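Data first, discussion second: the structure below is written as structure tokens.
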Amino acid sequence: MNFKKIMLAVIVSSNAQWAMAAPSLNEMQECQGILDYVDVKLASAPANYPAQDVEKVRKGLEGYNDYIQREIIAPGLLAFNGGDKSKAEGMQKQVSAYRGLIVKGLQARHPQNRLFMDQAVAVNNCAKKAVPSGQELEDLKVAVNLMVELAKRN
């Protein structure tokens with residue numbers, strides 16, 4: 001079985017299994033950092049990456065990032081701060097700063113202007129921890145599979 005089919009099988013497999021344990025805020029902010037990093041890479045994608053594929057990946061990852069923020073990070077910060085919105089907003093700034101550090105670290109590790117297979121695996125691992133539904137899930141599946149294909153072009 002090739003890697004693309006394995007990745008698709010992992011994402012498509014039982015959402016109920018993944019929903020058993022709620023992901024931590026730390027795990028999800030790390031995932032957001034990975035998503036931000038891939039988006040930065042794709043903002044200046046290599047010429048051998050078809051523009052339509054790049055846009056599909058960016059769309060899928062943006063939707064997933066929005067899902068993480070909307071369903072996990074924002075409510076988690078609010079709950080952590082006992083419903084105090086101003087404290088949650090302050091913590092959101094810290095989360096955003098941490099995401100920036102993750103992006104810088106990943107750029108230092110992979111300064112090349114291309115995608116690597118481990119980035120697709122990292123996004124897939126995030127998807128195992130927090131699975132969107134509906135169109136966001138479908139777009140994420142497309143994004144991960146295209147990331148695998150784009151990484152193979154290098």
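Note that the structure is predicted; figures quoted are calculated from it, not measured.
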Hydrophobic clustering (ILVMFWY, side-chain heavy atoms < 4.5 Å, transitive) - are Ile68 and Leu25 grouped together?
yes
Are the side chains of Lys152 and Met117 in touch, meaning some heavy atoms are under 4.5 Å apart?
yes
Quick check against the 3.5 Å criterion: does Glu27 have a side-chain atom that pairs as donor or acceptor with the backbone of Ser24?
yes
Is there a path of hydrophobic side-chain contacts, each under 4.5 Å between heavy atoms, that joins Val40 and Phe116?
no
Under 3.5 Å, side chain of Asp39 to main-chain N/O of Leu35, donor-acceptor pair present?
no
I need the Leu140 CG to Ser133 OG distance, nearest 0.5 Å.
11.5 Å
Would you give me the side-chain donor-acceptor pairs under 3.5 Å for residues 90-105, sequence neighbours excluded?
unit_1: Gln92; atom_1: OE1; unit_2: Gln69; atom_2: NE2; d: 2.8
unit_1: Gln92; atom_1: NE2; unit_2: Ser96; atom_2: OG; d: 3.4
unit_1: Ser96; atom_1: OG; unit_2: Gln92; atom_2: O; d: 3.1
unit_1: Arg99; atom_1: NE; unit_2: Asp36; atom_2: OD2; d: 2.9
unit_1: Arg99; atom_1: NH1; unit_2: Gln32; atom_2: OE1; d: 3.3
unit_1: Arg99; atom_1: NH2; unit_2: Asp36; atom_2: OD1; d: 2.9
unit_1: Arg99; atom_1: NH2; unit_2: Asp36; atom_2: OD2; d: 2.9

Pairs in or reaching into residues 77-107: which pass disulfide (SG to SG under 2.5 Å), with residues at least two apart or in two chains?
none
How many angstroms lie between CD1 in Ile73 and CG in Leu78, if you round to the nearest 0.5 Å?
13.0 Å
Tell me the closest heavy-atom pair linking Pro132 and Leu137, and the distance in Å.
O-CB, 3.5 Å
Interatomic spacing from CD in Glu30 to SG in Cys126 - rounded to 0.5 Å
8.5 Å
Atom pair OH (Tyr49) and CG (Leu115), whose distance is rounded to the nearest 0.5 Å
4.0 Å
Atom CD of Gln119 and atom CG of Leu106: how far apart are they, to the nearest 0.5 Å?
7.5 Å
With sequence neighbours left out, what residues match Asn26 under side chain to side chain donor-acceptor pair (under 3.5 Å)?
Gln29
On a heavy-atom basis, the closest approach of Gly63 and Glu136 is O-OE2, 3.5 Å
Nearest heavy-atom pair of Val131 and Ala127: which atoms, and what distance?
CG2-O, 2.9 Å
Any sub-3.5 Å donor-acceptor pair from Asn81's side-chain atoms to Gly83's backbone N or O?
no
Tell me which donor-acceptor pairs under 3.5 Å the side chains of residues 41-48 have, and how far apart each pair is, sequence neighbours excluded?
unit_1: Lys41; atom_1: NZ; unit_2: His110; atom_2: O; d: 2.9
unit_1: Lys41; atom_1: NZ; unit_2: Pro111; atom_2: O; d: 3.3
unit_1: Lys41; atom_1: NZ; unit_2: Gln112; atom_2: O; d: 2.7

Just by distance, do the side chain of Asn124 and the backbone of Ala120 share a donor-acceptor pair under 3.5 Å?
no
For Arg109, side chain to side chain donor-acceptor pair (under 3.5 Å) partners two or more places apart:
Asp118
Tell me whether Tyr67 shares a hydrophobic cluster with Val142, the cluster being built from Ile, Leu, Val, Met, Phe, Trp, Tyr side chains joined at under 4.5 Å.
yes
Using the side-chain contact (heavy atoms from CB on, under 4.5 Å) criterion, which residues pair with Lys59? Sequence neighbours excluded.
Asp139
Quick one: CG on Asp53 to CG on Asn145, what's the gap to the nearest 0.5 Å?
11.0 Å
Give me the atom names and distance for the closest heavy-atom approach of Pro23 to Ala130.
CG-CB, 3.9 Å
